[in-house]
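These notes are about the structure you will find just below.
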Amino acid sequence: MAAQSTTAQSTTAQRTTTERATTERATSQRDAALSGEAIDAVLAWYEENARDLPWRQAGISPWGVLVSEIMLQQTPVVRVLPRWIAWMERWPAPADLADAAPADVLRAWDRLGYPRRALRLQECARSIRDLHDGKVPSDPVALRALPGIGEYTAAAIGAFAFGRRTVVADTNIRRVIVRALTGARFPAASYTSAERSLVASCVPEPTARSVRWNQAVMELGALVCTARSPRCEQCPLARHGCRFLALGRPEHAGRPRKVQAFEGTDRQMRGRIMARLRTGGPAPRDELLLLDPADAPRVERCLVSLVADGLAVVRDDGSVDLP
DNA sequence: AAGACGGGGAA
DNA sequence: TTCCCAGTCTT
């Protein structure tokens with residue numbers, strides 16, 4: 001924090017009212033905001049190192065951005081890429097997806113994971129068609145009200161599809177900001193209001209710059225300030241007072257982050273059932289029970305939950321199919 | 001605040 | 001094997 005005092009004066013002119021409001025508050029994060037020089041360094045790094053992703057191209061439709069954001073929820077870029085391209089070709093506008101058969105939507109979702117997202121995306125498309133004249137709303141509040149769109153995604157669409165100044169806080173941005181300003185290796189499990197103001201304090205005031213910033217920090221987290229093995233030697237913040245680096249890259253303090261088991265869970269079984277339904281047409285219940293002959297109750301339980309989620313239906317003859 | 005919810009590829 | 005990914009929703 002003391003290190004900030006030397007740069008504070010020279011960058012005062014560039015600091016925003018938001019930054020000042022945050023820094024003047026008498027809290028432990030008083031000197032939190034990044035310097036204007038640090039922000040410049042990150043933006044310059046982004047110009048050089050940004051990946052060429054289709055949903056970032058100029059002229060991309062808000063719908064294309066929305067689809068990418070939903071697909072990217074908990075799914076890496078490389079796996080989303082081919083599915084997004086095929087998706088946009090098939091359903092280039094919300095109304096197109098709204099009219100599709102859910103079974104086709106789930107098959108097109110393929111193995112992106114968390115297939116409830118695919119269903120929500122279609123519900124989202126229907127809401128856009130019915131409530132917003134078929135056009136993705138630009139208002140973050142309206143976006144947030146759509147199925148499958150939470151705080152992060154609403155902010156991301158506001159920024160990347162409509163060029164608004166929003167506070168985007170995905171896993172990458174949270175990690176970069178927390179490391180740079182607090183020195184902790186990882187953010188806390190829950191996204192607190194304190195952390196939110198920390199992230200907000202870094203967003204530049206000029207709108208165009210804020211959009212670029214959100215994109216740049218996210219990319220920095222994805223390519224350099226990674227969760228596992230951060231490449232600090234390549235980081236534009238290394239010379240601008242990153243606290244994590246200054247403190248010698250400390251280990252994670254506190255409870256180890258929980259890792260959800262997968263092998264042998266209902267989640268895995270649901271995935272196996274969905275994989276079968278996507279490829280082979282209707283499945284006799286007896287066939288699905290063979291997925292785990294030693295634990296029929298588990299298969300039954302998963303079937304019930306899939307039906308409850310709208311991801312599967314039971315036909316009159318007892319076979320199971322996509323909705 | 002904590003748990004459910006897929007799937008795959010890198011370390 | 002373990003970890004983690006442009007999170008959201010429910011309890």
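Keep in mind that the numbers below use all heavy atoms, side chains included, and drop hydrogens, waters and symmetry copies. Proteins come first, then strands; the chains are lettered A, B, ... in the order of their sequence lines, and each starts at number 1.
Surrounding CD of A:Glu47 are more than 12 heavy atoms belonging to other residues, nucleotides or ligands, all under 6.0 Å away.
Remark: the separation of the C1' atoms in C:dC3 and B:dG6 is 15 Å, to the nearest Å. As rounded to the nearest Å, B:dA11 and C:dA6 have P atoms that lie 14 Å from one another.
The side chain of A:Pro115 lies closest to B:dG6 when the candidates are C:dA6, B:dG6, B:dG7. When the nucleotides C:dA6, B:dG6, C:dG7 are ranked by their closest atom to the side chain of A:Arg117, B:dG6 comes out on top. Ranking C:dA6, B:dG7, C:dC9 by closeness to the A:Arg278 side chain, first place goes to B:dG7.
For a distance-only test at 3.5 Å, the side chain of A:Thr75 fails to qualify as a donor-acceptor partner of the base of B:dG8. A donor and an acceptor atom sit less than 3.5 Å apart, one in the side chain of A:Arg79 and one in the base of B:dG7. Judged by distance alone, with hydrogens and angles left aside, A:Arg111 brings no side-chain donor or acceptor close enough to the base of B:dG7 to form a pair under 3.5 Å. Residue-to-nucleotide contacts include no donor-acceptor pair under 3.5 Å from the side chain of A:Arg228 to the base of C:dC4.
Within the structure, a side-chain polar atom (N or O) of A:Gln74 is placed less than 4.0 Å from OP1 or OP2 of C:dG7. In terms of phosphate contacts, A:Arg175 brings a side-chain nitrogen or oxygen within less than 4.0 Å of OP1 or OP2 of C:dC5. For the OP1/OP2 pair of B:dA2 and a distance below 4.0 Å, the side-chain nitrogens and oxygens of A:Ser190 include no atom meeting the criterion.
For the pair A:Arg179 and A:Phe186, the cation-pi test (distance below 6.0 Å, angle within 45°) is passed.
For A:Arg196, the side-chain hydrogen bond (donor to acceptor under 3.5 Å, both in side chains) partners at least two apart in sequence or on another chain are A:Glu151.
Aromatic rings of A:Trp109 and A:Trp87 (six-membered ring for Trp) have centroids within the 6.0 Å cut-off, being under it.
Spacing between atom CZ of A:Arg270 and atom C1' of B:dG3 amounts to 14 Å, rounded to whole angstrom units. One atom, OH of A:Tyr114, and another, P of C:dA6, lie 13 Å apart when rounded to the nearest Å. Per the geometry, CZ belonging to A:Arg272 stands 16 Å off P belonging to B:dC5, to the nearest Å. Taking atom CD1 on A:Ile70 and atom P on C:dG7, their separation rounds to 11 Å, with Å as the unit. Distance CG (A:Leu277) to C1' (B:dG6): 15 Å, rounded to an integer number of Å. A straight line from CD1 of A:Ile149 to P of C:dC9 spans 9 Å, rounded to a whole angstrom. What separates CG of A:Asp170 from P of C:dC4 is a distance of 15 Å, to the nearest Å. Here the P atom of nucleotide B:dG7 and the CZ atom of A:Arg116 are 12 Å apart, to the nearest Å.
Annotation: of the two residues near DNA chain C, A:Glu69 and A:Arg120, the 5′-most nearest-nucleotide partner is A:Glu69. The residue among A:Ser229 and A:Tyr191 whose nearest nucleotide of DNA chain B lies closer to the 5′ end is A:Tyr191. Nearer the 5' end of DNA chain B, as judged by each residue's closest nucleotide, is the contact made by A:Thr192, out of A:Thr192 and A:Gln73.
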With salt bridge (Lys or Arg N to Asp or Glu O under 4.0 Å) as the criterion, how do A:Arg90 and A:Asp96 come out once you've worked through the C-alpha distance, each side chain's angles and the decisive distance to 0.1 Å? CA-CA 8 Å; A:Arg90 186 169 186 179; A:Asp96 301 316; over 6 Å; no
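Across all strands shown, A:Thr226 has no heavy atoms under 4.0 Å from either base or sugar-phosphate atoms. Here A:Leu112 lies in heavy-atom contact (under 4.0 Å) with a base. A:Ala156 comes within 4.0 angstrom of nothing in the nucleic acid, heavy atoms only. Note on A:Trp55: a base of the nucleic acid sits closer than 4.0 angstrom, heavy atoms only. Within the nucleic acid shown, A:Arg174 has no heavy atom closer than 4.0 Å to any nucleic acid atom. A:Gly113 comes within 4.0 angstrom of a base, heavy atoms only.
One hydrophobic cluster, built from ILVMFWY side chains closer than 4.5 Å, holds both A:Ile85 and A:Val80.
For the residue pair A:Arg164 / A:Thr207, no side-chain donor-acceptor distance below 3.5 Å is found, with atom types taken as modelled.
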